[in-house]
Amino acid sequence: MLVREALTSRPASISGALFCGMVYQPPALRKKALLIRVRLLLLLMAAACASGAVRARSADSCADLARLRIDGFEITKTAIIPAGTILPPGYPGAPSIGPLPAHCLVDGVINRRKGAGGEEFGIDFALALPEAAVWNGDFMMQGGGGGNGIVAYPVGASFAGDKPALTRGFVVASTDTGHKARNGGFDFSFMRDQQAYLDFAYQANAEVAGVAKKIIAQYYAKAAAHSYFVGCSTGGREGMILSQRYPTVFNGIVSGDPAMRTGLSNLAIGKWVPVAYNQAAPKDASGKPQLNKFLTDGDRKLFMDALVNRCDAKDGVADGMISDPMGCDFDPAVLVCKNGQSEGCIAPEKIAAIKKAFAGPQNSHGMQVYPGFLYDTGIAETGSNPGLLALGANGLFGPYPTATEIDVDKEALHASDPLVEPASTNLSTFSENGGKIIFFHGDSDPWFSALDTLEYFRSLAATNGGADKVAEWSEMFLVPGMRHCGGGPALDQFDMLGAVVNWVEKGIAPESVIATGKAFPGRSRPLCAYPKHAQYSGHGDTNDAQNFSCD
């Protein structure tokens, strides 16, 4: 009767609230026009109900989350962040992020407790929930860095292209993984507390993901459709851990420059390399090697010119990038000074030291304990974070600045920790559950060898049904010139988040991902899934990715 009255007299008098959630079956109507008007009115009322639900997700709704009670965690703060907010740079030289969409920002802590020395521990986290009208239905978690210990703003900007995950409609989470950094990003003093170490090693991210999903279901009245994890360095290691130990928590994972086998990478970079260089470095008055004088600027330029001349144009164009690092057959021995030669060459003992350093550490039986490093365009960069060819050029170099010998057998004995290492290759549950994992690594990374990540990726085949089977759910991308998680003479801006989302939700495997970067303004290139690399077609603008194929 209400519908009939509305059609004949006062449609505006009917309150949408009377019909929200109400099911109405209209009687048989003889006139077609009347039936159309009924349907239109019902559609209008449904739209009004939906609009009212969106408006209900207001500041009050965000604040309501503070009263959410679930065993083991508490929400400590909620706030509505207005649209247009711009985040300041996270570190000097970094870009600002934004403007961001309006969102509800939630801070919380899981398992707050007193730990070793009476210090307070707990897994602090932050969650950014966009308005219901713009939420894309998915959840994304961003990985940490270094020793963690801080809760970064949950915006999901890393390796997401030009639009952070939050701007793209994702709910985004971040965490300190269970402790607070007291002395910078590489403060590992928390390890004295066993549970804090376990949280950092592998437990915290899965805990936060579980809580985040509960908050999402409460806030939007429905669960997230898909869950993603994107991280680099420590975050890359975390992504690997999640695929191995919590194979059903995330549908898609991006693992960049993973800080895996850190004990052995520290052995390579902090000990093996300086010892090799010290053996050929000039000595001071007391006979101690001067690591910072191992190579002159002229030596490094000569080395890099020869490397680029040999390997740069193998992709069809000389552009300051080595797109096919596995096909680079450069041998530093071509630079060795001949008898009586003093210019345009490098002393044989220095070349021998470089080759030894780049080959990676071996034990007394000649067994490789950590992979070598690629000859790439970013290895000679100096500064506070030098490339492998320039390590020691700033006068600072870890625990072995003057040593000329190293006992690799002894050093490697306790270099691995099974709690923190993402070593397992059995990802059958992850893959059979539809999971996808993308790896990428900068070819000029001086801290973690790209060859170590590649070795892990290759090893998946033996455990998971062969390389063709693995290709259905995992890919690896090498990034020419890029150093650790960015920087260097590289195109280091690319959207791996979008790539893994398309793979999970649309079944489209990312054969290539377009990369750009400040080092080469106006240039784009495809990053190609291993074992392929970008190759110039021979036609068109060499700065345009569309003129390159993956060969």
Side-chain angles (χ1 to χ4, degrees), residues 101 128-130 132-143 155-173 209 212-213 216-217 220 222-232 235-236 239-240 242-243 246-256 427-440 457 460 464-479 493-516 524-532 534 545-546 548-550:
L129 302 115
V134 299
W135 181 40
N136 65 8
D138 289 341
F139 163 56
M140 179 249 167
M141 189 167 181
Q142 62 190 43
V155 67
S158 296
F159 307 106
D162 296 332
K163 293 181 65 177
L166 181 58
T167 304
R168 293 159 70 162
F170 288 84
V171 171
V172 183
K213 291 178 182 181
I216 289 169
Y220 298 108
K222 67 176 181 178
H226 302 92
S227 299
Y228 300 95
F229 186 95
V230 179
C232 195
M240 294 175 69
L242 288 161
S243 71
Y246 303 96
T248 62
V249 172
F250 290 95
N251 304 104
I253 294 172
V254 175
S255 173
L427 301 187
S428 58
T429 299
F430 176 77
S431 59
E432 290 168 6
N433 197 52
K436 314 294 184 187
I437 182 168
I438 295 175
F439 298 92
F440 69 86
F457 172 74
L460 292 174
N464 298 278
D468 289 343
K469 192 68 176 177
V470 170
E472 296 176 2
W473 51 269
S474 185
E475 288 184 341
M476 168 84 188
F477 294 83
L478 292 169
V479 187
Q493 302 296 312
F494 39 85
D495 183 8
M496 286 296 176
L497 172 60
V500 76
V501 168
N502 284 337
W503 202 359
V504 168
E505 299 185 23
K506 300 178 182 178
I508 302 173
E511 296 180 2
S512 65
V513 176
I514 301 301
T516 60
S524 62
R525 286 283 189 279
L527 298 177
C528 299
Y530 177 84
K532 295 183 178 181
Q546 70 178 355
F548 289 76
S549 60
C550 290

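Side chains are part of it too, since the values below use all heavy atoms of this structure and drop only hydrogens, waters and symmetry mates. It should be emphasised that the depicted structure is a prediction, and the values quoted were computed from it without experimental measurement.
Residues satisfying the side chain to side chain donor-acceptor pair (under 3.5 Å) criterion with N464, sequence neighbours excluded, are absent altogether. Not counting sequence neighbours, F139 has no partner by the ring pair (Phe, Tyr, Trp, His ring centres under 6.0 Å) test.
Atom CD1 of I437 sits about 8.0 Å away from atom CG of L460, to the nearest 0.5 Å. Annotation: the span from F250 atom CZ to M141 atom CE amounts to 5.5 Å, rounded to 0.5 Å. Note that CZ of F494 and CZ of R525 are 15.0 Å apart. Values are rounded to the nearest 0.5 Å. Summarising the geometry, atom NZ belonging to K163 is positioned 10.5 Å from atom CZ belonging to F170; distances are rounded to the nearest 0.5 Å. Atom CD of residue E511 and atom SG of residue C528 lie 9.5 Å apart, to the nearest 0.5 angstrom. Taken from CD1 in I514 to CG in D495, the straight-line distance is 11.0 Å, to the nearest 0.5 Å.
Listed for the S431 side chain is a donor-acceptor partner under 3.5 Å among the backbone atoms of S428. With hydrogens and angles disregarded, a donor-acceptor distance shorter than 3.5 Å links the side chain of D138 to the backbone of H226.
Scanning both residues, M496 and I438, for their nearest heavy atoms gives SD-CG2, 3.9 Å. Closest heavy-atom contact between P164 and D162: CD-O, 3.8 Å. Between A165 and A160 the shortest heavy-atom distance is N-CB, 4.4 Å. The nearest pair of heavy atoms linking P526 to C550 is CB-SG, 4.5 Å. Across L497 and M140, no two heavy atoms sit closer than the pair CD1-CG, 4.3 Å. When every heavy atom of G236 is checked against every heavy atom of S255, the shortest pair comes out as O-OG, 2.8 Å.
Using a 4.5 Å cut-off on side-chain heavy atoms (C-beta onward), V500 and I253 make no contact. At a threshold of 4.5 Å between non-hydrogen side-chain atoms, the residues Y530 and F477 do not count as touching. Considering only heavy atoms from C-beta on, N433 stays 4.5 Å or farther from F430 through its side chain. When side chains are defined from C-beta on, S227 does not count as touching V249, because their heavy atoms never get closer than 4.5 Å. Within the 4.5 Å cutoff, no side-chain heavy atoms of F548 are placed close to those of S524. P247 places none of its side-chain heavy atoms less than 4.5 Å from the side chain of L427. For the pair V172 and Q142, the minimum side-chain heavy-atom distance is below 4.5 Å. The shortest side-chain heavy-atom distance between V513 and F159 does not fall under the 4.5 Å cut-off.
By the 30° and 60° cut-offs, the orientation of the rings of Y220 relative to W135 is parallel.
Heavy-atom contacts from other residues, nucleotides or ligands closer than 6.0 Å to NZ of K213 number more than 12.
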**Q.** Intermediate values then yes/no, side chain to side chain contact (heavy atoms under 4.5 Å, CB included), L527 and F440
**A.** CA-CA 10 Å; L527 298 177; F440 69 86; over 6 Å; no

